[in-house]
There are 2 protein chains.
Amino acid sequence: MTLRADARRNVEGIRRAALDVFRAGGLTTPMDEVARAAGVSKGTIYHRFGGRRGLIDAVVDELVAERIRAIVERVEALDGPLARFEAYLHGIWLLQFDEPAANDVLMRALPDSEPLSILCDHACEFARRLLHDAQAAGVIRADLTPEDLTHLILERGAIVRACPHQSRADYDRRLGFALRGLRPV
Amino acid sequence: MTLRADARRNVEGIRRAALDVFRAGGLTTPMDEVARAAGVSKGTIYHRFGGRRGLIDAVVDELVAERIRAIVERVEALDGPLARFEAYLHGIWLLQFDEPAANDVLMRALPDSEPLSILCDHACEFARRLLHDAQAAGVIRADLTPEDLTHLILERGAIVRACPHQSRADYDRRLGFALRGLRPV
DNA sequence: TAGCTTCTTGACCATGGAGTCAACTACTGC
DNA sequence: GCAGTAGTTGACTCCATGGTCAAGAAGCTA
């Protein structure tokens with residue numbers, strides 16, 4: 001059964017509004033705000049998407065998957081385990097700064113959803129490989145665990161959320177300190 | 001004009017209750033909870049202390065000033081600019097983990113109050129000196145600014161709040177990574 | 001265009017917290 | 001032990017958010 005014309009129009013409008021407000025304010029933006037941006041009432045969103053969770057599922061891919069895939073690709077083109085490892089972490093960290101919504105996804109600070117979890121797990125798996133290679137080459141400290149890596153990303157997420165004031169340049173400079181601390185002692 | 005006997009009793013009871021619940025849950029614990037712990041009604045707290053802000057002013061010193069002073073003293077007894085610098089940062093970071101209330105103070109994520117600000121400023125001043133000495137001795141990277149230092153503490157506060165799950169041992173181990181990143185390149 | 005079905009609306013409920021105040025309670029001084 | 005005043009209470013308002021649903025609006029089909 002196909003949707004009625006107005007309903008189809010609304011679904012698309014809501015999706016686009018959600019992309020906008022989520023990009024601007026993260027995935028926890030009040031639903032009323034999404035509704036207002038879409039020019040519909042809150043009830044319509046709940047009716048069409050079944051709440052925030054469903055709405056996120058509907059936009060998460062367009063919202064961040066693309067960005068993460070880009071990082072992975074960029075890293076994959078690099079040579080050397082250290083460069084690859086650091087470029088990945090650096091890329092993720094910058095993404096977290098640039099896109100509050102992507103940060104929310106990485107932190108899973110929201111209703112877990114299928115596509116979202118898959119995305120995260122995939123990224124973690126990739127990072128795990130990079131870490132392993134870098135440690136095998138002796139360019140990253142051996143006592144850094146995959147859990148530490150996940151944690152470093154979660155940490156950065158918390159930081160980005162709590163300190164949205166710092167300039168990108170400062171943020172980036174400080175990432176350098178954090179990366180440095182992962183080199184062998 | 002002196003307080004009536006029951007009022008005096010209440011003020012003391014509220015103070016002690018506030019110390020307890022603030023220590024357990026940070027300075028943002030709902031006032032109702034403080035009231036319940038003190039065995040009085042919320043209204044009494046507002047009447048006696050003028051809201052959360054006044055209540056915090058009344059307990060902040062006993063709550064954290066002591067701890068910070070202890071760290072400063074311990075650091076002061078150490079030799080060597082690197083040891084001093086690292087012991088201070090490490091001490092503050094552990095305090096943030098151990099005492100959510102102290103963390104709240106350091107992050108000033110609450111109604112700013114006189115004694116609180118003074119405390120923070122004093123601590124920052126001390127840190128600034130340690131940093132200067134360590135950099136002069138060439139044991140801490142020269143491009144680390146005092147603002148970075150403040151930020152490192154804020155960051156840690158955000159982390160502690162967002163990731164209360166990690167064990168103290170893991171937390172401590174990861175502090176090691178962060179400290180390492182501050183050594184000269 | 002009529003009538004049926006789908007959709008949307010926005011007022012409504014619930015939660016949880018801050019903060020207020022008129023009415024009640026209980027010290028204290030005489 | 002009795003005013004009279006200081007002190008306390010807890011029900012109240014207000015705000016923001018998530019979430020629901022009966023009634024009304026709008027599109028579709030014949």
Side-chain angles (χ1 to χ4, degrees), chain A residues 1-18 20-22 24-60 100-101 104 107-113 116 161, chain B residues 1-18 20-22 24-60 100-101 104 107-113 116 161:
Chain A
M1 85 254 229
T2 181
L3 286 180
R4 225 169 65 178
D6 53 344
R8 236 175 303 128
R9 223 182 307 129
N10 279 336
V11 167
E12 216 8 66
I14 292 168
R15 256 185 46 82
R16 269 197 290 154
D20 283 351
V21 305
F22 283 168
L27 298 187
T28 55
T29 309
M31 293 303 267
D32 304 76
E33 210 165 309
V34 182
R36 214 172 327 121
V40 302
S41 100
K42 196 171 38 153
T44 303
I45 300 184
Y46 280 95
H47 183 54
R48 285 287 153 233
F49 295 90
R52 157 167 286 116
R53 197 191 162 123
L55 184 56
I56 291 173
D57 287 359
V59 298
V60 69
D104 287 341
M107 296 190 67
R108 308 207 211 189
L110 358 105
D112 269 49
S113 68
L116 199 147
R161 271 195 208 158
Chain B
M1 85 264 219
T2 179
L3 286 181
R4 228 168 63 179
D6 54 343
R8 237 175 301 130
R9 225 181 306 130
N10 278 337
V11 167
E12 215 10 65
I14 292 168
R15 256 184 46 83
R16 270 197 288 153
D20 283 353
V21 305
F22 282 168
L27 298 188
T28 55
T29 310
M31 294 302 267
D32 303 78
E33 210 165 307
V34 181
R36 216 175 321 122
V40 300
S41 101
K42 197 170 36 153
T44 302
I45 300 186
Y46 280 96
H47 183 53
R48 286 286 154 234
F49 295 90
R52 158 167 285 116
R53 197 194 162 121
L55 185 55
I56 291 172
D57 286 0
V59 299
V60 68
D104 286 341
M107 296 189 69
R108 308 207 211 188
L110 355 107
D112 268 48
S113 68
L116 202 146
R161 270 196 207 156

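Chain naming here is simple, since letters A, B, ... match the order of the sequence lines and numbering starts at 1 in each. Just the heavy atoms: all of them, side chains too, but no hydrogens, waters or symmetry mates, feed the values below.
- For Leu55(A) and dG19(D), the CG to P distance is 12 Å, given to the nearest whole Å.
- Rounded to whole angstrom, the span from the CZ atom of Arg8(B) across to the P atom of dA26(C) amounts to 18 Å.
- With dT8(C), dC27(C), dA18(C) as the candidates, the nucleotide lying closest to the side chain of Arg4(B) is dC27(C).
- At whole-Å resolution of the value, CZ in Arg9(B) and C1' in dT28(C) are 13 Å apart.
- With hydrogens and angles ignored, the 3.5 Å screen pairs a side-chain donor or acceptor of Arg52(A) with a backbone N or O of Leu27(A).
- A straight line from CZ of Phe49(A) to P of dT20(D) spans 16 Å, rounded to a whole angstrom.
- In the set dT9(D), dG7(D), dT20(D), the nucleotide with an atom closest to the side chain of Thr44(B) is dT9(D).
- Looking at the side chain of Tyr46(B), the nearest of the listed nucleotides dT9(D), dC27(C), dT20(C) is dT20(C).
- Listed candidates were dT8(C), dA18(C), dG18(D). Nearest to the side chain of Met31(A) is dG18(D).
- Both Asp32(B) and Asp6(B) lie close to DNA chain C; mapped to their nearest nucleotides by heavy-atom distance, the more 5′-ward contact belongs to Asp32(B).
- Contact annotation: the side chain of Val60(B) never approaches that of Phe22(B) to less than 4.5 Å [non-hydrogen atoms, C-beta and beyond].
- Taking every side-chain heavy atom of Arg48(A) into account, dC7(C) is the closest of dG18(D), dT9(D), dC7(C).
- No donor-acceptor pair under 3.5 Å is formed between the side chain of Arg48(A) and the backbone N or O of Asn10(A).
- With rounding to whole Å, Glu33(A) atom CD is found 16 Å from dC15(D) atom C1'.
- Asn10(A) places its CG atom 11 Å from the C1' atom of dA26(D), with the value rounded to the nearest Å.
- A straight line from CD1 of Ile45(B) to C1' of dG7(D) spans 14 Å, rounded to a whole angstrom.
- Comparing atom distances between the Lys42(A) side chain and each of dG27(D), dT8(C), dG18(D) picks out dG18(D) as nearest.
- Listed nucleotides dA18(C), dC7(C), dT17(D) differ in distance to Pro30(A); the shortest reach to its side chain belongs to dT17(D).
- Between His47(B) atom NE2 and dT5(D) atom P there is a gap of 16 Å when expressed in whole angstrom units.
- The closest side-chain heavy-atom distance from Phe49(A) to Asp57(A) is not below 4.5 Å.
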Could you go step by step and tell me if Lys42(A) and Val34(A) meet the side chain to side chain contact (heavy atoms under 4.5 Å, CB included) rule? CA-CA 8 Å; Lys42(A) 196 171 38 153; Val34(A) 182; over 6 Å; no
